[in-house]
Amino acid sequence: MHEFLTPYVLLAALAGAAVLILVRPAWQRIILSRAKHPSLAGHAKLSRLLASQLPYYSYTPEQALACDQAPDHIVDRRRQAFIDLSQQLASKTPQSQEIVAKLRSAVSDMQFTDHYRVPFQFREWVSAHIKPGVFADQTDGVRIRDEEGNWAYDLAGSYGVNLLGYDFYKRCIEVGSGRVAELGPVLGPYHPVLSENVDLLRQISGLDEVSFHMSGTEAVMQAVRLARYHTRRKRLVMFCGAYHGWWDGVQPGVGNPRKSSDVFMLRDMHENTLRVLRQRHDIACVLINPMQAMHPNKGASSDGMLINSERGANFDRAAYSRWLSELRGVCSAKGIALIFDEVFLGFRLAPGGAQEYFGVKADMVCYGKTVGGGLPVGVLCGKSSLMKRYREQRPLDVCFARGTFNSHPYVMGSMNEFLRYAVSSDFRSLVDGSHALWDARAGGLNRKLEQRDLPLRVANLGTVWMMTFPQASRFNWMLQFYLRAEGLSLAWVGTGRLIFSLNYTDEDFAAVERAILHAAQSMHSGGWWWHGELLDNPSIKKTVLRELLTSRIRA
Ligand SMILES: Cc1ncc(COP(=O)(O)O)c(C=O)c1O
């Protein structure tokens, strides 16, 4: 034995190694914990545990009307306003009310969305009297007609698909279907129109390869799967609050019955997240939904979660661009795939999408919704080094992904119509000009709301809007029904997300603005925005928490 390798030196070396082995994971753990958002949304396990323990309870109509300790004369006013509003809504669709009620018990999707339109404490009371219609049979310009002939301005935007107006997509489907009609719904061989789509998608994304899928969810699944395959690493990093479709691999928290151990949901726009990316060696990819720029670290808002008036938005284009470019730098340095999920925002921000708008290149980009020209689709574009589904030198080591309906000729036909318009100079000037236009529209509406002293504002990222409430209230969710009564068609998330299409003329928008102002005025007159001196957001939260605890103890 060498004279320096005494038993003492060996022992010290062993102890050092043991400390390293024990301390390093603990240190990594600490860094990871510090990169989680302090809210419940940042703690998947805790939020799941809480969700599993949260008891249901319900207000009687009288409890609901007075849940903010409003004085009797306000409660009386609300009672009458609720009767008037529910009668007004029911009178619009008298025939279909019963059919809808029957259908609801057989269509699980309908049951789900209906269940979460208002905070659960109010659900029984509200749903007994207000039954939003579900059928539509015609669109024209920016309006949509229900089965009983009522026209409404479309603010739901078909979950974001409707960027250019329904007439545009009707044309895409008609012309596109005509183009592939002689082939028909053949799968396997591609219709030749596919090759032009591939060229256009490569041009738009600036990436090498393309794969077609049936939905945005599938495109995201494929991106993450390929990133894991090529990096040979396990972890996916996504950001607190971001939605990426309903695959359980991108839903580490509430809503997903499967526990995922391979996802880190970290804090958006925060240095601690960059430290995790720099320090670890097991991260395959970082997934970005640029929609989060509007409300970093918070989920998309829905009226079902609107227990008080805390909801807000703060879009800062320069700050988000800086953040993305920092992420880009770390991902490049560490061999992590940077994936942009542009399924929702895609072509709304710029013809080149979020990559162009924020000035940052991704390694893979997912598109969906509008890119199908009105038909269902998901698209993944990426660098060749990440898109290959096999390894040249390992013939059995493949990353298997196929899908019966991918590259469906009818989808390829309508997509072609969309893509050809998406690269035109007309589209560029339309989208580029839309930001100032929609900011001005939002600003103008906010000024009018302020002048009328109404506790309602809008925040926007271009054509995607969210309503916010500057004054504490327990009834903000009621506004969705006043808006419907005024002839505005909303998605099931209500005032949490309004999606406009780019074909809204000034005249159309003026009509929507009038309807919003009138709805807000009715909400105010109905007493729903009564504001007691002691009512603020923390006190509302405390009340709800107390009720939850009491129900839990009783259960
Ligand atoms: C950003 C984002 N990614 C993925 C998806 C999932 O797309 P799809 O509903 O087509 O599966 C959505 C849907 O809303 C989305 O907004």
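Atoms within each ligand, like the ligands themselves, are counted from 1 in listed order. Atom set for the values below is all heavy atoms of this structure, side chains included, hydrogens, waters and symmetry mates excluded.
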### Task
From the options T217, N289, V161, V250, select the one whose nearest heavy atom is closest to atom 11 (O) of ligand 1.
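Answer by nearest heavy atom: T217.
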In the protein, which heavy atom is nearest to [atom], and how far is it?
atom: atom 8 (P) of ligand 1; answer: G216 N, 3.5 Å
atom: atom 16 (O) of ligand 1; answer: F344 CB, 3.3 Å
atom: atom 3 (N) of ligand 1; answer: D341 OD2, 2.6 Å

### Query
What atoms of ligand 1 come closer than 4.0 angstrom to any heavy atom of S215?
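Selected atoms, number and element: 10 (O), 11 (O).
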### Message
Below a 4.0 angstrom heavy-atom separation, can you tell me which part of K369, side chain or backbone, both or neither, approaches ligand 1?
### Response
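Side chain only.
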### Query
Any side-chain donor paired with an acceptor under 3.5 Å for E209 and S384?
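Yes, S384 and E209 have a side-chain donor paired with an acceptor closer than 3.5 Å.
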Would you say the ring centroid of [X] lies under 6.0 angstrom from that of [Y]?
X: F347; Y: F418; value: yes
X: H435; Y: Y357; value: yes
X: Y421; Y: F168; value: yes

### Query
Could a heavy atom of Y243 be found less than 4.0 Å from some atom of ligand 1?
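In this structure, Y243 qualifies as a contact of ligand 1 - some heavy atom is under 4.0 Å.
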### Task
Determine, for K298 against E310, whether the closest basic-nitrogen to carboxylate-oxygen distance falls under 4.0 angstrom.
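No, this pair does not count.
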#### Entry: Pair R311 + D303: basic N to acidic O under 4.0 Å
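Looking at D303 together with R311, the answer is yes, because their closest N to O distance falls below 4.0 Å.
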### Query
Is there any N or O on W246 that sits under 3.5 Å from an N or O of ligand 1?
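In this structure, W246 places no N or O atom under 3.5 Å from an N or O of ligand 1.
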